[in-house]
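Read through the structure below, which is laid out as structure tokens, and then see the notes.
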Protein chains: 2
Amino acid sequence: MSTADRILDVAEALCQRRGLEAVSFRDLAAEVGVKSASIHYHFPSKSDLALALAIRYRQRFETVRSEIDRKEQSAEGRLKRFFAILADLYKEPNKVCLVAILAAEAGSISPELAIEVRKFFADNEQWLSSTLTLGVKQKTFTLSTEADCTAKTIFAAVEGAILASRACADSSRLRSVADCVLASLKQGKVAIG
Amino acid sequence: MSTADRILDVAEALCQRRGLEAVSFRDLAAEVGVKSASIHYHFPSKSDLALALAIRYRQRFETVRSEIDRKEQSAEGRLKRFFAILADLYKEPNKVCLVAILAAEAGSISPELAIEVRKFFADNEQWLSSTLTLGVKQKTFTLSTEADCTAKTIFAAVEGAILASRACADSSRLRSVADCVLASLKQGKVAIG
DNA sequence: GTCTATAAGATGATAGAC
DNA sequence: GTCTATCATCTTATAGAC
């Protein structure tokens, strides 16, 4: 494993725990086991580091969504799996979605980073929208508003729940959202089995 | 208007725009029109300032909710008004809910501040839960999960939407959430008029 | 690639005059 | 209450040896 990767791993963990602004090159270097000059060798400025962090995070979610689509054909199964993966990722209420952190600090980040954050939201919402539409086609979901609108709402609820989960030290929140959303999408349906 | 109040006003605006960590006593003092030593006179440490900010913000929301309950008797009307006030408060996609910011930086805030953040979530969620229950009683809402669970989901969606609103420079997100939530709560209902 | 050393500036905070 | 002056510390970042 390369030093650059180890730096990104530690930086991601620190950022998710404390926020980007609270991560210093000194702390980061100490935890990686190198000197801060070495961090600068791999990531010249803090903006470079933050951007690399955001890109990697977004791509990881892209992979997760692709895997879900490959393994699961039903829209309901896909949504359930998405929620389950997120719940597992944030089960320890000590860290928060990296992009939620960046979005909160969006007033003081670089333009390139802001684009990356925006893309993260757009990608996830588009996938959710497609999945909802598929669910309607498969006659398992009933939407109360158009798919795009519902998708935005669901993803907002997910991000908000991850944030609240740590703030309230209550790891059940993501499951609450998952339960509520799924029940709402299936409202009016009668169980077959 | 006292200096302390002016400091809080400016600090709140700066914090909502840039994040708490990115607000310095120097910038704050400059914008208020005093020297940083004066800020320290009113708020000895940065923790004191942050705590005062959070308490004031929470109390303001308390007042808003009380006003809504006083003016409006129907649960649906109350919920609509709540969403409308929030949408108006965050219509300029330049600022974010103060508590969302604090929640994102929760890994590096004082214990007292963390309690305040937690209380903000709890208060709003409890009010939402009561309002949902009232709506069921008034036969205007149908819940797909129990009131507490739905309330947590709705508030998570609200906080997430405010965050996404700025990150995506898309002020329609809070309205999306409001539309989707209200439609979902009234699903299966037939309009009377 | 990693280190030592250091620059140049910002930060929270305090002492003491007015 | 507000100021000037100052402190110790931390910050990002760079130059140059190994």
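Every chain is numbered from 1 and lettered A, B, ... according to where its sequence line falls, protein lines coming before strand lines. The figures that follow rest on heavy atoms only: side chains count, while hydrogens, waters and symmetry mates do not.
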- prompt: What is the distance from CZ of A:Arg26 to C1' of C:dT11, rounded to the nearest Å?
  reply: 14 Å

- prompt: For the side chain of B:Lys35, counting heavy atoms from C-beta on, which of D:dT4, C:dT2, D:dT2 is nearest?
  reply: D:dT4

task: For C:dT2, take OP1 and OP2 only and decide whether either is under 4.0 Å from a side-chain N or O of A:His42.
output: yes

Protein-nucleotide distance (B:Leu49, atom CG; C:dA13, atom C1'), rounded to Å: 14 Å

query: Between B:Lys46 (side chain) and B:Leu20 (backbone), is there a donor-acceptor pair under 3.5 Å?
result: yes

message: Under 4.0 Å from OP1 or OP2 of C:dT2: is there any side-chain N or O of A:Thr3 that close?
response: yes

query: Among C:dG12, D:dT4, D:dA15, which is the nearest nucleotide to the side chain of B:Lys46?
result: C:dG12

- prompt: Between atom CZ in B:Phe25 and atom C1' in C:dT14, what is the gap in whole Å?
  reply: 12 Å

- prompt: Shortest non-hydrogen contact from B:Leu143 to B:Leu185?
  reply: CD2-CD2, 3.5 Å

- request: From the options C:dT4, C:dT2, C:dT14, select the nucleotide whose nearest atom is closest to the side chain of A:Ala37.
  value: C:dT4

- prompt: Nearest-Å distance, CD1 (A:Ile39) to P (D:dT14)?
  reply: 15 Å

- prompt: Atom CZ of A:Arg6 to atom C1' of C:dT2: distance rounded to whole Å?
  reply: 12 Å

task: Grab the CD-C1' distance between B:Glu21 and C:dA10 for me, whole Å please.
output: 13 Å

- request: May I have the step-by-step check of side-chain hydrogen bond (donor to acceptor under 3.5 Å, both in side chains) for A:Glu112 and A:Ser110, ending in yes or no?
  value: CA-CA 6 Å; A:Glu112 304 88 24; A:Ser110 74; 3.2 Å; yes

- prompt: In whole angstrom, what separates B:Met1's CE from D:dG1's C1'?
  reply: 18 Å

message: Using a strict threshold of under 4.0 Å (side-chain N to carboxylate O), is an ion pair present between B:Arg78 and B:Glu72?
response: no

- line: Ranking C:dT4, C:dG12, D:dT4 by distance to the side chain of B:Ser24, first place goes to C:dG12

field: Closest to the B:Ser38 side chain, choosing from D:dG1, D:dT11, D:dC3
entry: D:dC3

- prompt: Rounded to the nearest Å, what distance is computed from the NE2 atom of residue B:His40 to the C1' atom of nucleotide C:dG16?
  reply: 16 Å

task: Answer with base, sugar-phosphate or nothing: what part of the nucleic acid does A:Val23 contact at a heavy-atom distance below 4.0 Å?
output: sugar-phosphate

- request: Remember a base hit wins even if backbone is also touched, and classify B:Tyr41 as base, sugar-phosphate or nothing at under 4.0 Å, heavy atoms.
  value: base

- prompt: Which heavy-atom pair separates B:Arg166 from B:Ile101 by the least distance, and what is that distance?
  reply: NH2-CD1, 4.5 Å

field: A:Val34 side-chain proximity, nearest of C:dC3, C:dG12, D:dA13
entry: C:dC3

